[in-house]
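What follows is a single structure, written as structure tokens, with notes after it.
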Amino acid sequence: MKKIRKTNQKEKKLTLLGIIILIITATTTCTFLFLSSPKLEIEKSTLTFSYNEEIILPKYRAYAMNKDISNKVKIKSEVKKHKVGKYFVTYQIKTPTANLKKLVLVKIIDPKKPVITLKGEKEVFLCPNTTYQEDGFQAIDEYDGNITKKVRTKTEEDKIVYQVEDSSHNKTEVERKIYHEDKTPPTITLKGQNKIYLSINSTYQEPGYVVEDNCDKNINVDVSGEVNTKKLGSYTITYSATDSSNNNATITRTIEVINKPQNEKGTIYLTFDDGPSNTVTPKILNILKEKGIPATFFVINHDDSLNNLIKREYQEGHTVALHSYTHTYSIVYQSIDSYFNDLNQIRDKVYKITGEYSNIIRFPGGSSNTVSKRFNKGIMSNLVNEVNNKGFHYFDWNIDCGDGAGIKDANKIYNNVTTGLSPNRENVVLMHDFENNYGTLNALSEIIDYGIKEGYQFKKITMDTMEVHHRPNN
Ligand code: ZN
């Protein structure tokens with residue numbers, strides 16, 4: 001027994017020794033591993049990114065005793081990629097005997113320049129000896145936002161320089177060119193009509209004019225041309241104005257010296273606007289036919305099914321004149337071009353129906369309308385000259401029957417016309433033959449009867465008719 005026990009004890013000792021050796025070996029290895037200081041290699045020590053750009057950190061490797069311990073590296077980053085600044089990223093590896101830290105510097109930058117936007121023109125023409133009134137500007141930086149308040153302006157002789165710097169010192173500079181140069185001619189507006197009819201042996205009195213200039217206060221207008229009222233004919237008065245920058249404006253007025261109207265009782269021109277219409281135009285034509293009275297129709301564009309009424313107006317000896325294609329003020333008076341575009345459309349339409357081009361026109365609202373200035377201030381003053389230059393004769397009116405303003409009562413319409421009539425002049429009566437305009441239709445017969453009884457002559461407007469004009473009022 002004793003012997004066996006001895007043997008067992010011996011074995012136990014051996015086993016213990018083995019374990020101890022094993023432990024020592026392991027510990028030594030570990031200890032060596034930990035005791036030998038770890039190494040940490042990082043590809044780059046400084047990185048730069050634009051803000052909001054994706055941050056890609058550098059590659060790294062950690063090892064000790066040739067063993068890769070990269071997975072033990074802890075990375076701590078303070079980088080805020082939306083915010084410009086300098087940040088550190090810490091790479092750390094800890095062993096029982098070492099604590100190794102390495103830093104990587106990450107710079108977040110704003111590389112973009114701010115943008116300055118100028119309001120108003122970039123090239124400004126100013127009257128000589130005047131200073132520029134700033135039209136405004138805005139500076140936007142992608143990073144800083146609106147930095148308009150930081151803009152500095154510098155006025156030089158021929159330009160204004162706008163400079164701004166964002167918080168990252170990116171600078172932007174833009175310029176506004178300033179020319180002290182007046183390129184706008186004066187405007188001359190005639191008082192009275194631009195075509196005046198005078199009876200022979202009467203006296204011409206110059207109605208005058210108004211001149212305005214964007215730069216100069218006192219502009220001289222040179223009025224030239226003579227009117228010999230003792231001799232029949234057409235005379236031209238020329239008005240010319242030049243501003244101090246040599247911009248010139250010239251317009252003319254025509255004076256027609258004519259024989260006295262033969263009919264001393266006066267003439268009536270019945271004019272119907274805005275038609276034709278199915279409800280009243282045929283009936284108006286019937287009355288005119290029955291009484292043997294010619295009239296003038298200033299037509300607009302309607303459904304083609306009404307074309308036969310325009311044809312009938314023409315065939316029954318009336319004047320088919322031009323009012324408007326659209327009769328939409330915002331279109332018609334948008335511009336000079338727009339006006340003529342509209343006019344030519346109705347002119348072409350009438351030509352297709354009658355085979356005759358008409359040059360007799362009436363402006364929507366008349367030449368004195370004030371609605372056009374909402375769309376184009378001053379357009380009427382130009383248009384009355386333009387239509388004249390293109391050979392059109394435009395007609396306003398000197399008697400308004402009132403149906404355009406909504407009067408539907410035949411008695412009121414009759415009174416408006418008959419009390420407005422005047423002997424010794426051309427009475428141009430404004431009426432309408434738009435849809436359902438029964439007041440005017442019902443007054444028409446009696447108006448004609450009154451006129452005939454009073455010795456007036458009814459005529460249609462032709463190119464020889466004295467033009468009745470309002471004064472542009474825009
Ligand atoms: Zn009209």
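Read the numbers this way: they start at 1 and go in the same order the structure lists the ligands and their atoms. Excluded from the calculations below are hydrogen atoms, water molecules and symmetry mates; all remaining heavy atoms, backbone and side chain alike, are included.
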Query raised in the report: Counting only heavy atoms not in Glu173, do more than 12 sit closer than 6.0 Å to its CD atom?
Result: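 Yes, CD of Glu173 has more than 12 neighbouring heavy atoms, counting only those of other groups under 6.0 Å.
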* In terms of the angle between their ring planes, are Tyr394 and His469 parallel, tilted or perpendicular, with boundaries placed at 30° and 60°? ->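 The rings of Tyr394 and His469 lie parallel, inter-plane angle below 30°.
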Describe, in one word, how the ring planes of Phe272 and Phe297 are oriented to each other, choosing from parallel (under 30°), tilted (30 to 60°) and perpendicular (over 60°).
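Geometry flag for Phe297 against Phe272: parallel rings.
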Review point. Taking just the N, O or S atoms of Asp274, which one is nearest to the Zn ion (ligand 1)?
Key: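 Going by distance to the Zn ion (ligand 1), the closest N, O or S atom in Asp274 is OD1.
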inquiry  = Suppose we only count N/O/S atoms under 2.8 Å; would His432 qualify as near the Zn ion (ligand 1)?
reply    =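 No.
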Original post:
Does Tyr329 have its ring centroid less than 6.0 Å away from the ring centroid of Phe375?
Top reply: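 No, ring centres 6.0 Å or more apart.
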If I take the Zn ion (ligand 1) as the centre, what angle separates the NE2 atom of His327 from the NE2 atom of His323? Nearest 10 degrees is fine.
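Value returned, to the nearest 10°, is 90°.
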